[in-house]
2 protein chains.
Amino acid sequence: MSRTEEQGEIPAGGSLAHRVPDLGGLELLLAVARLGSLGGAARELGITQPAASSRIRSMERQLGVALVDRSPRGSRLTDAGALVTDWARRIVEAAEAFDVGAQALRDRRDSRLRVAASMTIAEYLLPGWLLALRAQRPDTAVSLHAGNSTVVAERLLADEADLGFVEGLTVPTGLDSVVIAHDRLIVVTAPAHPWSRRRRSLAAEELASTPLILREKGSGTRQVLDAALGGLARPLIELSSTTAVKAAAVSGAGPAVLSELAVGEELAMRRLVRVPVEGVALARDLRAVWPTGHRPTGPARDLLSLTRG
Amino acid sequence: MSRTEEQGEIPAGGSLAHRVPDLGGLELLLAVARLGSLGGAARELGITQPAASSRIRSMERQLGVALVDRSPRGSRLTDAGALVTDWARRIVEAAEAFDVGAQALRDRRDSRLRVAASMTIAEYLLPGWLLALRAQRPDTAVSLHAGNSTVVAERLLADEADLGFVEGLTVPTGLDSVVIAHDRLIVVTAPAHPWSRRRRSLAAEELASTPLILREKGSGTRQVLDAALGGLARPLIELSSTTAVKAAAVSGAGPAVLSELAVGEELAMRRLVRVPVEGVALARDLRAVWPTGHRPTGPARDLLSLTRG
DNA sequence: TCCTGCTCATAAACCCAGCTTATGTCGCCA
DNA sequence: TGGCGACATAAGCTGGGTTTATGAGCAGGA
């Protein structure tokens, strides 16, 4: 059944980009899976049939796995191909989020909806919302500006943004708001850290007296933590991005305090472990905001209604 | 004719692959972010400094956004660049999962750990585990075979696999098992469906009497549903993959019943909405399995211990 | 039976993105 | 002021992916 063309050993070296097909190839694979035909997929992507054929073949060579069963009546995914296609879909979905985010990022003067958002929201939530928005209002051009609560408020009040999203404890003055979701700060450590095996919840004092990996003073995350502990948080290191904090925690530098949103992936993969905490108010609201009186209309209203659920 | 490639304006057409930098570029960007230097990143990836410089520049052109601030003393990410980098990281992480999965998929005779898993687990959970396993035992070669519970059992008993993962209601005879996680089937619809606005939970009879988008009879998912409803599930359509079911539900064909694991992304993006249900036992255990008496040792034990948490 | 229409495969020529090597410029520091 | 590190620019090469052109297998209808 399987042709014996595996004489050439797989190199297996190099970086990811050498072992993972490029986005074009993955899109092609998804199209083949959906349409059941190489030629059909080629047509959909605007390339010729031989190009599709050779591209799929080169992916199979690269991966060392047969992906599609060709027949004169069409092409069907192999069992392995189905699995690969599902994994590929994840990459393509992440790329779609990237794309819609990047599009929003290049400020277009002519965009119909100008959004200002805090970093955490822009990072983890907005691309998803924009994707959904595009699904139901494909022609809405969106521009995005990311910054802290103060910046968001300034842009809204200066009429440089139509809708804002903030995550602080308080709503900047001059703005109306709606709570659209809830977030919580959680304590995490690397699996090797002794706290990861705790069964009893951590008490507030214990948290306050332990040096932690933290965001810098002034960040939304840090504000909430300081407020919850009464200004007592003791930094082991202060870092200026969520990602840097995560990386430090994963590498075992110590316990970190981070938004639940930021560590979903890491928890699922057990690169980080959540430490239970009690007696500390680490919840915070995520809010949509707009200038007092100017209720969102048009595209802003569309986006807002997507975010509430 | 669309052959006039307009110069000047951003193309904005074409498929994802034309608007999203390739994996190599994204990896490079992450390296620049981490190291704070174009040349350093180039060294790490084994390319020359001019190559890195030009690649980053072409990404900036492609995205229409300045990503890094160059100075004679190094390079630092722009605000926009930091956001783009975070989105890029998601793509790269998905690519890592793809890579480790694909590596496991090409059956290597010499692999030290042979895993057999049900589709759902292989699709959603295994790549994460393998990534974690590689982090702590980098030299473990893993091979993966995906199939239903019966196939998993056969391979284990024929000594063609060292460790299995199944998701059914029952443990195949001849195997020992441990519960490693819990999964639940949930009812979902497109946001446009009337059920998406329900506030009261759905009762079992109502679920049983409504035609649903379902996996085919015999699939793990379907077995659990049929058992929970007493064999009464009424299919609107029967499809042979989780992905097909999701796609049908998203397109508004009707309500679907799916594993929680499979729809996390869709729920977060509001492409699907969860419908509350009560009085139906839709939970199921995910189990690691092995031949009775042969407790997992070596690499199998390492993997197993990663999955329990 | 043969023709027509679908499928995929193969071959040769082309083109461009990204690579390398070689060199230039700028700022900091001893 | 020379030296070192950073990034930029220029010119030439290479390879993967593309196109056009063609062939071959299978199905269904005249």
Side-chain angles (χ1 to χ4, degrees), chain A residues 1-3 5 8 11 13-29 31-63 66-78 81, chain B residues 1-3 5 7 11 13-29 31-63 66-78 81:
Chain A
M1 199 97 143
S2 66
R3 299 219 39 108
E5 58 198 352
S15 51
L16 263 193
H18 299 143
R19 288 174 312 205
V20 177
D22 60 35
L23 277 172
L26 300 180
E27 279 188 287
L28 176 62
L29 182 61
V32 171
R34 185 155 31 82
L35 300 174
S37 148
L38 286 185
R43 238 169 289 128
E44 180 172 280
L45 298 190
I47 61 177
T48 59
Q49 172 266 319
S53 181
S54 112
R55 213 135 149 63
I56 293 283
R57 188 170 294 283
S58 84
M59 287 174 61
E60 291 180 314
R61 221 178 328 116
Q62 180 180 30
L63 299 177
L67 299 175
V68 307
D69 268 338
R70 292 114 164 125
S71 88
R73 297 179 27 217
S75 296
R76 194 134 242 96
L77 289 180
T78 303
Chain B
M1 315 217 192
S2 61
R3 79 161 75 286
E5 287 296 338
Q7 44 96 338
S15 49
L16 263 192
H18 299 142
R19 288 174 313 202
V20 177
D22 59 34
L23 276 172
L26 299 179
E27 279 188 289
L28 175 62
L29 182 62
V32 171
R34 185 156 31 82
L35 300 174
S37 148
L38 286 185
R43 239 168 288 128
E44 181 171 278
L45 299 190
I47 61 177
T48 60
Q49 172 266 318
S53 180
S54 112
R55 211 131 149 64
I56 293 284
R57 187 169 296 282
S58 84
M59 287 175 62
E60 292 180 314
R61 221 177 327 115
Q62 179 180 30
L63 299 177
L67 298 175
V68 308
D69 268 339
R70 292 116 164 123
S71 87
R73 296 178 32 215
S75 296
R76 195 128 253 102
L77 289 181
T78 305

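These numbers come from the heavy atoms of this one structure, side chains and all, not from hydrogens, waters or symmetry mates. Letters A, B, ... are given to chains in the order of the sequence lines, protein chains preceding strands, and every chain is numbered from 1. Since this is a predicted model, take the numbers as computed values, not measurements.
For B/P72, the listed nucleotide lying nearest its side chain is C/dC26; candidates were D/dG25, D/dT19, C/dC26. Distance from the side chain of B/P50 is smallest to D/dA10 among D/dA10, C/dT10, D/dC26.
Rounded to whole angstrom, the span from the CZ atom of A/R73 across to the C1' atom of D/dA27 amounts to 8 Å. Rounded to an integer number of Å, the gap from B/R57 CZ to C/dG18 C1' is 15 Å. Rounded to an integer number of Å, the gap from B/R43 CZ to C/dT20 P is 14 Å. Distance B/D22 CG to D/dG17 C1': 13 Å, rounded to the nearest Å. Distance, B/D69 CG to D/dA6 P: 17 Å, rounded to whole Å. Protein atom CE of A/M59 is 10 Å distant from nucleotide atom P of D/dG17, rounded to whole Å. Look at CZ on B/R70: it is 15 Å from C1' on C/dT25, rounded to the nearest Å. With rounding to whole Å, B/L23 atom CG is found 16 Å from D/dG16 atom C1'.
Residues B/V68 and B/R76 have side chains not in contact (no heavy-atom distance under 4.5 Å, counting atoms from C-beta outward). In this structure the side chain of A/L23 never reaches within 4.5 angstrom of the side chain of B/D22, judged on heavy atoms. Side-chain contact between B/S37 and B/V32 is absent, with no heavy-atom pair separated by less than 4.5 Å. When side chains are defined from C-beta on, B/L35 does not count as touching B/R43, because their heavy atoms never get closer than 4.5 Å. At least one side-chain heavy atom of B/R57 sits under 4.5 Å from a side-chain heavy atom of B/R70. Here the side chains of B/L77 and B/L29 are in contact, with some heavy-atom distance below 4.5 Å.
Without hydrogens or angle criteria, B/Q49 side chain to B/L38 main chain gives no donor-acceptor distance under 3.5 Å. In this structure, the side chain of B/T78 does not engage the main chain of B/G81 through any donor-acceptor pair within 3.5 Å. Without hydrogens or angle criteria, B/Q62 side chain to B/H18 main chain gives a donor-acceptor distance under 3.5 Å. At distances below 3.5 Å, at least one donor-acceptor pair connects side-chain atoms of A/E60 with backbone N or O atoms of A/L67.
Judged by distance alone, with hydrogens and angles left aside, B/Q49 brings no side-chain donor or acceptor close enough to the base of D/dA6 to form a pair under 3.5 Å.
Within 4.0 Å of A/S54, counting heavy atoms only, lies at least one base atom of the nucleic acid. B/R76 comes within 4.0 angstrom of nothing in the nucleic acid, heavy atoms only.
Nearer the 5' end of DNA chain C, as judged by each residue's closest nucleotide, is the contact made by A/S53, out of A/S53 and B/I47.
For DNA chain D, none of the residues of residues 31-38 of chain A falls under the heavy-atom distance limit of 4.0 Å.
Put simply, B/R55 has a side-chain N or O that comes within less than 4.0 Å of OP1 or OP2 on C/dG18. Here B/S75 reaches the OP1 or OP2 of D/dC7: one of its side-chain N or O atoms lies under 4.0 Å away. At the phosphate of D/dT19, OP1 or OP2 sits under 4.0 Å from a side-chain N or O atom of A/T48.
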Could you write out each protein N or O paired with an N or O of nucleotides 12-14 of chain C at a distance under 3.5 Å?
none

